[in-house]
Amino acid sequence: MPELPEVEVTRRRIESSLVGRTITSVRTTKASYFFLTPPRELAARLTGRRVAALTRHGKYLIAELDDASRLLLHLGMTGQLFTASARSVRLLTSTRGGALTPEAQGAFEPDAHTHLMLTFDDAAEDVLFRDVRKFGKVLWIARGANDPRLTKLGPDALGVTAGLLHDATRGRKAAIKTVLLDQGVLAGVGNIYADEALFRAAIRPKRAAKSLTRKECERLAEAIRAVLERSIETGGSSISDYVQPDGSDGAYQNERKVYARAGEACLTCASKIVRIVLGARSTHYCPKCQR
DNA sequence: CACTTCCCCTGCAAGC
DNA sequence: TGCTTGCAGGGGAAGT
């Protein structure tokens with residue numbers, strides 16, 4: 001499940017395959033809510049455009065194009081961006097969760113889940129966007145235009161501060177974890193890293209947000225940054241569907257302390273990790289370490 | 001406005 | 001073994 005670290009790892013890996021190249025053809029699957037811009041229009045808008053930069057805000061990737069329009073990409077739950085070329089003859093085969101990993105020999109054949117395929121003027125590798133569950137999104141934004149999906153985002157989570165958390169939590173009685181998942185407060189934290197950061201900060205997920213002290217906001221801000229940065233370093237978490245753009249697994253799942261460890265021993269105090277449901281999301285914490 | 005619930009989708013695991 | 005059912009979850013819409 002791509003959150004900020006997985007999206008950032010993807011951005012870094014795919015950047016050199018995208019920036020500076022000119023799109024010569026666009027292939028898509030049929031219209032669906034995956035395409036916030038209809039496939040036909042998307043193809044027309046993108047063809048002939050050169051990619052000037054690839055940036056990220058929260059979980060969104062933003063390809064800035066040479067005519068000052070932008071292509072917004074969201075990986076949703078199972079989205080994968082990757083490259084493929086006939087020359088490198090990489091075969092991408094299905095693994096758990098329908099994820100693709102490179103294996104053996106042979107050219108990649110776009111399957112029914114490969115919704116966007118870009119080819120370029122240099123005829124080198126293609127860039128593909130595959131998404132089994134179609135929770136991902138593709139949106140083209142005209143020059144000078146904007147979209148609430150971007151404008152309503154809070155600051156990127158890598159830049160979180162204690163002050164931001166303290167301000168955002170005043171007067172909010174919702175659970176602190178729910179507030180962390182609110183992309184309008186902080187952009188990029190999802191279910192895994194919310195649980196992991198709250199463990200590191202020793203704060204219970206269901207605590208009323210407004211009950212957090214200044215000190216706790218400081219611990220939480222530090223924890224969010226530390227957890228996200230460490231995950232980026234290790235290539236992200238490969239827990240269900242996510243694989244890196246080269247097809248290999250990230251390694252952060254090996255360092256997680258609470259996420260998807262219900263019933264297992266806390267690595268600090270050996271208490272059993274508890275699983276509850278908060279805001280329709282599974283939530284994991286240590287009842288002894290987190291208060 | 002704040003907060004909660006529901007729903008989009010598909011593959012996989014569990015249960016019978 | 002083969003079928004059915006339930007579950008996972010980002011984020012936006014709809015409901016309270």
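The model shown is predicted, which means the values in this text are computed figures rather than measured ones. Residue numbers begin at 1 in each chain, while the letters A, B, ... track the order of the sequences.
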message: Check Asp195(A) with Lys177(A), please: is the shortest side-chain N to carboxylate O separation under 4.0 Å?
response: yes
field: Residues Arg50(A) and Asp67(A) bridged, charged N to O under 4.0 Å
entry: no
query: Does a donor on one side chain and an acceptor on the other come within less than 3.5 Å for Arg204(A) and Gln290(A)?
result: no
- request: List in chain and number order the residues that pass side chain to side chain donor-acceptor pair (under 3.5 Å) with Thr119(A), two or more places apart in sequence or in another chain; answer none if no residue qualifies.
  value: Ser25(A)
- prompt: Looking at Lys59(A) and Glu6(A), does any basic side-chain N land under 4.0 Å from a carboxylate oxygen?
  reply: no
- prompt: Can the ring centroids of Phe129(A) and Phe34(A) be said to lie less than 6.0 angstrom from one another?
  reply: yes
Each nucleotide N or O in nucleotides 6-9 of chain B that has a protein N or O under 3.5 Å away: list the pair and distance.
residue : atom : partner  : partner atom : Å
dC8(B)  : O3'  : Tyr33(A) : OH           : 3.2
dC9(B)  : O5'  : Tyr33(A) : OH           : 3.3
dC9(B)  : O4'  : Tyr33(A) : OH           : 3.2

- request: With a 4.0 angstrom cut-off to heavy atoms of chain A, pull out the first and last contacting nucleotide of DNA chain C, in 5'-to-3' order.
  value: dA8(C) to dG12(C)
query: Looking at five pairs on each end of the helix from dA2(B)-dT16(C) to dC16(B)-dG2(C), what is the angle between the two axes, given to 10 degrees?
result: 50°
query: Who pairs with Phe135(A) by ring pair (Phe, Tyr, Trp, His ring centres under 6.0 Å), at least two apart in sequence or on another chain?
result: none
- request: Using a strict cut-off of less than 4.0 Å between a Lys/Arg side-chain nitrogen and an Asp/Glu carboxylate oxygen, indicate whether Asp182(A) and Arg172(A) qualify as a salt bridge.
  value: yes
statement: Ordered by number, residues from residues 172-184 of chain A within less than 4.0 Å of DNA chain B (heavy atoms) are Arg172(A), Lys173(A), Ala174(A)
